Amino acid sequence: MPKEIAFKIKRQADPQSPSYWEEFVMPYSPGHNVVSALMYLREHPVNRAGQRVNPVAWDCNCMEEVCGACSMIVNGVPRQSCAALIDELEQPIVLEPLSKFPVVRDLVVDRTRMFTALGQVQAWVPIEGSYDIHVQAPRISPKEQSVRYLFSRCMTCGCCMEACPQYHGGSKFIGPAPLGQVYLHNAHPTGEFFREDRLHAIMQDGGITDCGNAQNCVQVCPKDIPLTTAIGELGRQTTVQWLKDVFCK
Amino acid sequence: MVGGGLGGLWAALRAAENGYPVKLFSLFPVKRSHSCCAQGGINAVFDVKGQRDSIQQHIVDTIKGGDYLADQPPIKSMCEEAPGLIRAFDRMGVTFSRTPEGTMDQRLFGGVKNRRTCFAGATTGQQLLYAVDEQVRRFEADGKITKYEDWEFLSIVRDGNGTCRGIVAMNLQTMKLEAFRADAVILATGGLGLIWGRSTMSTNSTGAAAARVYQQGARFANGEFVQFHPTAIPGHDKNRLMSEACRGEGGRIWVPRNAGDQRDPVDIPEAERFYFLEEWYPAYGNTVPRDIASRAIVRVVRHMGLGVGGKEIAYLDLSHRPRRFLEDRLGGILEMYQTFTGEDPYTGPMKIFPSMHYSMGGILVDYEKDGTAGGMKHSSPRNHATTIPGLYACGECDSGYHGANRLGANSLLSASFSGRVAGDAVSAYLKTLKSTAADVPADSFTKELARQQEINRTITSSSGPENPFALHHALGEIMQEHVFVERDNAGLDKAVAGIRDLKDRFRRITLDDSGGWTNQSLSWARQIYDMIVLAEVIAQGARLRDECRGSHFKPEFELKVPPGKFAGDPEYEAYKAKWKANNEKWLKATVATWTPDGPQFEFKPVDLSVMAPEQPRDYR
């Protein structure tokens, strides 16, 4: 059994300051994950050199890999840090903030851009009102449900964005996750009524044609969402839509 | 709107649909809210399984499940409107699990005999949250809802008449404080699990927001009623929930019959397994309500000494069910069990123990009774109003619907329903307003802003030996030891004294973080204090209530059901008479009012107009 848990953490005091690395060690105990270890460190904010330092800032909430808050790069891989078990990681454990989003402080990043993209692609099923209209929604087969369910579990965590070579500060690409949501909503019986609006949204600059088919997104998705399948299908749908737009005006 | 979980999003959506502009404040992007952790489902009567289920039965189950402590008209309305609410979710595109003919499937949950729970795999809360989040984003895109994410609510602002006219909030990146004017404020800030240190809740579920309005004059009701979920995986950082759906889908709870049995559970033959819920409660078996299951587990483990391997552990076993079935119905959470424990729940039993899970109590809210229908009056400005004019509360932070114990899958229902009701209630309230927040002199806002800045200054400049994180551990230990499944007055006295001591120690804290940007320690320290304040309400409420009701269990005052005796037997009738006499004394809500010297308590009668308390709960 190891005696200690060692970390190397990329830190940054605020959005303007330069980043730096800092090392920490803490006593080993079994059952820790990266977040629970960070909790220990914030209570004992002393670096490897024995200096008292400001505690490391990071985001977390659910602690069971469903909320998407605690994304960071753990030993080079973007993932949910609450589900990164210490016993399964090589030490020193290297923690970095997601690099595709502006750093707020230490491991905290601002992922507003992802949520904005969900608005751009109209990732919703329009309804008349949230009151009861006394009509049952359309029936959906168990098979259709299970396909849509794969996509409806997307936590907007940003891991796919981090892994995507086309998604970065200098590009307009909306990234894989919002495309998965277009697929999800186009596959709904009444969401489908607005299919063209969503397809047009991803046919613009920064849309689906910016995907370089690197297929990294699907490798890192913590929920195993078949993003590349969705992107492939949307590629087909947008081509058909383009032909319709040109020839059926 | 403060809070962007299921309740908050529904309230914001409804107010926006009614044409009012909404500012929505949340500690984090709303999709991260704790509602996403709800797993098993949401109750509504559709009778998909042909069991002659009825709305009346849903009402009865909810009232009895809560041991009669909840006001009944709101329960009646909630159960009646549940199917329509689910239809709205379905129209929003929620990926509910389906029957072969494409209608919503339903599963069994605790405390009921019919399959009444709609579900989306084992991530129902996440699916419902995202659906409303999407609808709110539609309004956001139209400029009708404005989100303030990564902002912390610090206090309400009251005008000269005491009416709530806005809030003070802190930007969690820049740490700047700002006052916002509002014609009405709705709080939907969720649960308070972190008061127990570890619970099944998310790390932001501290109850701090509720504590803040309580300290500003809102009443807090039934704090002592806290649900301990029977099946959680004990952990370092949190106790991860294993949904009640596990039991609804056939999961069995057991321990080895012989204390200290060291065998691998799969090698223990049936005859040497003690399926205690099935033995003690043959009518409901493993799907007794949560309070009953938690007490049974504690009894077996602590009093009978039968915990697995001598530890505080019991087994939750699904390994007899087909893998394919489990993957379909519970895949999400079984995967989670495997991730965090490294053990395979498909081939062997899971290790569980009760954990703090839900607060039935909360900010006291009102309702207007519909004289003819017996439920809540639709769109009354009194619905979900707190005792402070202009301040509303909905979702887990309020005190409605669940009384002394909540039934499984009623929380997604009450969060959604109460959010929608609160949105309509606020809309009605706004119509009655003679002046708006814009008319209120700036003085009220600048004063409150200055008060909050002073609190921050005091905390950041304080220097002493205490660490705020260590204070949190100390608080958790007190609550875990004395305000858990079983309570006694000597322990509760210790808890109250310990909590007061923590309040005092808080004055001597030092913040380790000198950062001016995203200073999480400052935010945490403020929340710790507020948790201590609520803990005092909870522990003292528990101390005062000398009876057993729902989740609140003091063995010293237990009215024992005579074993093997049922209605008609003289022994049972004698028990029932005692039970009724106890109701005369204790069937009342505990209501706490903040004072500088600690909470003051009074007791408020319960509206029992739908179903009189004639039958004790009996799940045998």
Side-chain angles (χ1 to χ4, degrees), chain A residues 13-15 29 31-33 35-36 39 42-43 45 52 54-55 57 59-69 82-83 85 104-105 108 110-111 115 118-119 122-127 129-137 139-142 145-146 148-149 152-153 155-156 185 188 190-191, chain B residues 10 13-14 17 28-29 31-34 36-37 81 84-85 87-88 90-93 95-103 120-121 123 126-127 130 134-135 137-138 140-141 173 202-204 235-238 240-241 332 336 339-340 342 420 467 469-470 512-518 520-521:
Chain A
D14 56 53
S29 70
H32 266 302
N33 57 63
V35 172
S36 67
M39 285 174 169
R42 76 175 172 190
E43 207 177 320
R52 234 184 150 72
N54 282 335
D59 271 334
C60 68
N61 203 26
C62 77
M63 306 294 291
E64 48 194 60
E65 213 177 19
V66 290
C67 83
C82 71
L85 307 186
V104 176
R105 182 179 179 184
V108 180
D110 183 349
R111 284 171 278 181
F115 295 105
L118 292 177
Q122 300 171 40
W124 50 68
V125 174
I127 57 168
S130 64
Y131 39 80
D132 185 17
I133 57 168
H134 306 283
V135 176
Q136 199 83 47
R139 293 189 178 192
I140 291 174
S141 74
Q145 183 272 344
S146 59
R148 291 190 68 244
Y149 186 66
S152 64
R153 294 168 310 129
M155 311 178 284
T156 325
H185 291 91
H188 185 264
T190 62
Chain B
W10 261 106
L13 178 63
R14 204 55 207 128
E17 284 182 340
F28 34 71
K31 271 187 102 165
R32 316 279 182 232
S33 302
H34 180 62
C36 75
C37 289
E81 291 194 27
L85 194 76
R87 281 193 287 273
D90 201 12
R91 285 159 49 223
M92 292 176 190
T95 52
F96 285 116
S97 297
R98 302 286 159 169
T99 64
E101 56 183 297
T103 60
T123 62
Q126 185 189 38
Q127 303 306 316
Y130 291 0
E134 289 162 5
Q135 297 302 319
R137 191 165 291 106
R138 260 176 83 205
E140 202 187 359
Q173 297 187 359
S202 297
T203 55
N204 281 289
H236 256 302
D237 44 352
K238 98 171 259 188
R240 293 176 175 83
L241 179 66
M336 194 258 286
T339 301
F340 286 97
R420 191 164 78 171
N467 174 316
F469 298 104
D512 272 313
D513 195 342
S514 61
W517 196 273
T518 313
Q520 294 174 331
S521 301

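Just so it is clear, the structure is predicted and the values come from calculations on it, not from any experiment. Proteins get letters first, then strands, A, B, ... in listed order; numbering begins at 1 in each.
Side chain of A:Asn61 to backbone of B:Arg32: a donor-acceptor contact under 3.5 angstrom is found. Listed for the A:Arg148 side chain is no donor-acceptor partner under 3.5 Å among the backbone atoms of B:Thr95. Checked by atom type and distance alone, the side chain of A:Arg153 never pairs as donor or acceptor with a backbone atom of B:Thr123 at under 3.5 Å. Put simply, the side chain of B:Gln126 never gets that close to the backbone of A:Cys67: no donor and acceptor are under 3.5 Å apart. Counting only distance, with no hydrogens or angles, the side chain of B:Arg240 and the backbone of A:Met63 share a donor-acceptor pair below 3.5 Å. A donor-acceptor pair under 3.5 Å links the side-chain atoms of B:Arg91 to the main chain of A:Gly129, judged by distance alone. B:Trp517 contributes no side-chain N or O that, together with a main-chain N or O of A:Ala13, makes up a donor-acceptor pair within less than 3.5 Å. Under a 3.5 Å cut-off, the side chain of B:Lys238 and the backbone N or O of A:Cys62 do form a donor-acceptor pair.
Two residues are said to be in side-chain contact when any heavy atoms from C-beta on lie closer than 4.5 Å; A:Met39 and B:Phe469 fail this criterion. Annotation: side chain of A:Arg42 is not in contact with side chain of B:Asp512 (no heavy-atom distance under 4.5 Å). By the 4.5 Å heavy-atom criterion applied to side chains, A:Gln136 and B:Thr103 are not counted as neighbours. Looking at heavy atoms from C-beta onward, A:Glu64 lies out of side-chain contact with B:Ser202 at the 4.5 angstrom threshold. Under the 4.5 Å side-chain criterion, counting only non-hydrogen atoms from C-beta, B:Glu134 is not in contact with A:Val125. For the pair A:Ser130 and B:Glu17, the minimum side-chain heavy-atom distance is below 4.5 Å.
The contact between B:Met336 and chain A is made entirely by side chain atoms (from C-beta outward), counting heavy-atom distances below 4.5 Å. Residue contact with chain B, scored on non-hydrogen atoms closer than 4.5 Å, involves the backbone of A:Val135 exclusively. Only the side chain of A:Arg52 has a heavy atom closer than 4.5 Å to any heavy atom of chain B. For a residue to count as touching a neighbouring chain, one of its non-hydrogen atoms must lie under 4.5 Å from one of that chain's; by this rule B:Glu101 touches chain A with backbone and side chain alike. Heavy atoms of B:Ala470 lying under 4.5 Å from chain A belong to its backbone as well as its side chain. For A:Val108, the part lying under 4.5 angstrom from a heavy atom of chain B is the side chain only. Proximity to chain A is limited to the backbone of B:Thr99, based on heavy atoms less than 4.5 angstrom apart. With a 4.5 Å cut-off on non-hydrogen atoms, B:Asn204 touches chain A through its backbone and its side chain both. The contact between B:Lys31 and chain A is made by backbone and side chain atoms together, counting heavy-atom distances below 4.5 Å. With a 4.5 Å cut-off on non-hydrogen atoms, B:Ser521 touches chain A through its side chain but not through its backbone. With a 4.5 angstrom heavy-atom cutoff, A:His185 touches chain B only via side-chain atoms. Heavy atoms of A:Ala123 lying under 4.5 Å from chain B belong exclusively to its backbone. For A:Ile140, the parts lying under 4.5 angstrom from a heavy atom of chain B are both the backbone and the side chain. For A:Pro45, the part sitting under 4.5 Å from any heavy atom of chain B is the side chain, from C-beta outward, and nothing else. In this structure, no portion of B:Leu85 lies under 4.5 Å from any heavy atom of chain A.
Of all the heavy atoms in A:Asn54 and B:Gly515, the pair that sits closest is ND2-N, 3.7 Å. Listed here is the closest heavy atom pair of A:Leu85 and B:Thr339: CD1-O, 3.0 Å. Smallest separation of non-hydrogen atoms from A:Tyr131 and B:Arg14: CD2-NH1, 3.9 Å. Between B:Gln520 and A:Asp59, the closest heavy-atom pair is NE2-OD1, 4.4 Å.
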(Q) Would A:Asn33 and B:Asp237 count as a side chain to side chain donor-acceptor pair (under 3.5 Å) here? Give the steps. (A) CA-CA 9 Å; A:Asn33 57 63; B:Asp237 44 352; 2.7 Å; yes
Q.
What verdict does the side chain to side chain contact (heavy atoms under 4.5 Å, CB included) test give for B:Tyr130 and A:Met155, after you've listed the backbone C-alpha separation in whole Å, the side-chain angles of each residue and the deciding distance to 0.1 Å?
A. CA-CA 9 Å; B:Tyr130 291 0; A:Met155 311 178 284; 3.8 Å; yes
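For the options A:Cys82, A:Ser36, A:Ser152, A:Ala69, heavy-atom pairs under 4.5 Å to chain B are most numerous at A:Ser152. By number of non-hydrogen pairs under 4.5 angstrom with chain A, the leading residue of B:Gly235, B:Gly121, B:Ala141, B:Gly342 is B:Gly121.
A salt bridge does not link B:Arg420 to A:Asp132: none of the charged nitrogens lies less than 4.0 Å from a carboxylate oxygen.
Atom-to-atom distance recorded for B:Arg87:CZ and A:His134:NE2 is 7.0 Å, nearest 0.5 angstrom.
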